[in-house]
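Below are the structure tokens for one structure; questions will follow.
On a predicted model such as this, the values are computed, not experimentally measured, just so you know. In what follows, chains carry the letters A, B, and so on, assigned in the order in which the sequence lines appear, proteins first and then strands, with residues in each chain numbered from 1.
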Number of protein chains: 2
Amino acid sequence: MSPRRPTILDVARAAGVSKSTVSLVVRGSPTVREETAKQVRAAMAETGYVYNRAAANLRASSVGLIGLVINDLRNPFFTEFATSVQMALSAQGYATVISNSDEDGALQAQMVGSMIEHGVSAFVISPAYGQEAETFEQIARAGIPCLQVLRQVDMRGDLFPFAAFDYARGGLLATQHLIAQQARNIAFVGGLPDRAVTTERMTGYLEALRGTGMAPRSFPGRTSRAFGAEMAALLSRRHPEIDAAVCFNDQVALGMLSGFARQGRTVGTDFRIVGFDDIEDCGQVWPRLSSVACDIAQFGRDTAAALLDWVETGQHPPPMRRAPVALAARESSLGFGSEGKSP
Amino acid sequence: MSPRRPTILDVARAAGVSKSTVSLVVRGSPTVREETAKQVRAAMAETGYVYNRAAANLRASSVGLIGLVINDLRNPFFTEFATSVQMALSAQGYATVISNSDEDGALQAQMVGSMIEHGVSAFVISPAYGQEAETFEQIARAGIPCLQVLRQVDMRGDLFPFAAFDYARGGLLATQHLIAQQARNIAFVGGLPDRAVTTERMTGYLEALRGTGMAPRSFPGRTSRAFGAEMAALLSRRHPEIDAAVCFNDQVALGMLSGFARQGRTVGTDFRIVGFDDIEDCGQVWPRLSSVACDIAQFGRDTAAALLDWVETGQHPPPMRRAPVALAARESSLGFGSEGKSP
DNA sequence: ACTCAATTTTGGAACGTTCCAGTAAGCAAT
DNA sequence: ATTGCTTACTGGAACGTTCCAAAATTGAGT
């Protein structure tokens, strides 16, 4: 099938120039005369040349490959993020190796190892819990730039910059909104206990409650739809006085929504719910789900830009500002009279 | 930061053997004596050696990198597939470069080009429509194995093997089930018109209808939730006689579900719906959505296995059998009296 | 001790680029 | 004509592996 792929040398011969010139043309150097470049490009087309990055890397040691490790790629929030990062990197000529660690720390460490071998120039990691030490040590040892996003794991010295949304403010906005909607007894539902992501969101929730005379009611646990559905059943049965919930994320909130639907309770009037992340589904279900909007696509683009800056300049980036969040209020908290978005 | 990464040569020196021996150890060759291997491994640990795949590739020309190009990575069905393939490949020591073409043929061609440069050993593509010619020609020209999955684009000679589920049978099962549930007027809703994926599903629908005296009613269009919601409104308003729908996919079906919920109509009694793909959400909404179950995780693993077989043996694989589908009947078609799965 | 085969190890030549220190060509000012 | 300066091109040496043919070692059978 293959009579040997043509190399830069074959192209050079066909174009009547040296291999170095071809190399310059390939990389779009401005120092080569346009006329020459044109000939070279013609020769490339004629010979059916394809650039061999492996060889280029070997010499130049920079692969144009970025590693993206995500703890749960099935969650639409992370999918959206991964997609956005991948597309932004792709636009800059970088390819993205994506891995789903599936919340398995050991798997994560293994994948990171494999990516290092492949010579990725940088990492973006939304880490799984467990095995953090090994994972991050490998990266640090190899001296590869790495951005930790969305989730932070406990580390003795924060080796790597961390970027995320302003989770505390999100919790605050959601809770204040429910208070404004006359909710008298607001629970916080879902999220893995004792994780920074959970406690931050809860901090905002507690802050909003302070001084209102309402007692906080936290029900941490998991982060899935199934958990949300279970909690809807549990709250109805055991805590009928609770009339609103700030959920850890949209998965939990959507789960609660269908849990209540199953019981015949109407969310938006009987019970008010606000989710977190504002994934696309929020606007597609009925009642539509209010949520703390995180512009994850923009966040992905920013992440990609910051990372490439680091890779290309070699400058460790400044600590990043928490990305802003906003409340998207919909029927699940407003009821069915009015519509719209509050600040 | 980097006082030069240690190479195979440094390891060889530290272990007191030749570089060739180290190379053999790295690749786990059985021809090297265990005692020697042990020394070499110790030396590797001591020097902090990391394998440089770029160099290995250059010489051996095989990168251990598989390209996965998906038309819509935000759709959970495809996410699940991508995840499954990636994890299966990862278990075999291959890394996966994932790209989302976002239904953009030009983007797809560009991404495929970039992956070829990166030296991927094979492709798995669920193609976007448009630019097929360029995309597949590039791959054919480079002589890279490629599996086309889930969707097929029109090609003069089917250059690449195609694997998918038995869509026609899925359409048949769904429609027969609705007939058994006493539906009298069944529509087929969603799917891009004139695409093989759509027409196959519709073929099964038409076949089930044949001889029942029911007239087929097709409403192709798009594949999104938003489209499903629109259609729920449209059907209620303009075609009140229709009392059931086979949907192109679960996205459309879930959209219809919330569209009807918004109108206050009860799906499962007033109107019966069956989706297609059986994504996780089907069991998480209320009423739970009946769907044609495609074991996408298994399909992903099979795809990975077939592809690796092709890559490693060099044997063009036999044409693949359509993967089986089954009906998962839930409240959206059964109503609320009974529960369970029919064959 | 000696032969022969099997096992284990080895040094040098690739692989296809980029980098670097040039050479050659062109042109303006002396 | 010579000099200097810029612009356009070039040939050889790297990069870190794997491949290969051959060398060294081992060990069993005489």
Determine, for B:Tyr49 and B:Arg5, whether the Lys NZ or Arg CZ falls below 6.0 Å from the six-membered ring centre while staying within 45 degrees of the axis. no

Can you pull out the residues from residues 16-32 of chain B that lie within a 4.0 Å heavy-atom distance of DNA chain D? B:Lys19, B:Ser20, B:Ser23, B:Arg27

A:Ser90 (side chain) donor-acceptor with A:Gln86 (main chain) under 3.5 angstrom: no

Is it the case that the side chains of A:Arg301 and A:Gln298 hold a donor-acceptor pair, with the cut-off being a distance below 3.5 Å and no angle test? yes

Indicate the ring-plane relationship of A:Trp310 and A:His316, choosing parallel, tilted or perpendicular according to the 30° and 60° boundaries. perpendicular

For a quick check under 3.5 Å, do B:Asn71 and B:Ser101 share a side-chain donor-acceptor pair by atom type? no

Is there a donor-acceptor contact under 3.5 Å linking the side chains of B:Asp104 and B:Gln108? no

Quick check for you: name the first and last nucleotides of DNA chain D, 5' to 3', having an atom under 4.0 Å from a heavy atom of chain B. D:dG16 to D:dC19

Pair A:Glu103 + A:Arg151, salt bridge at N-O below 4.0 Å: yes

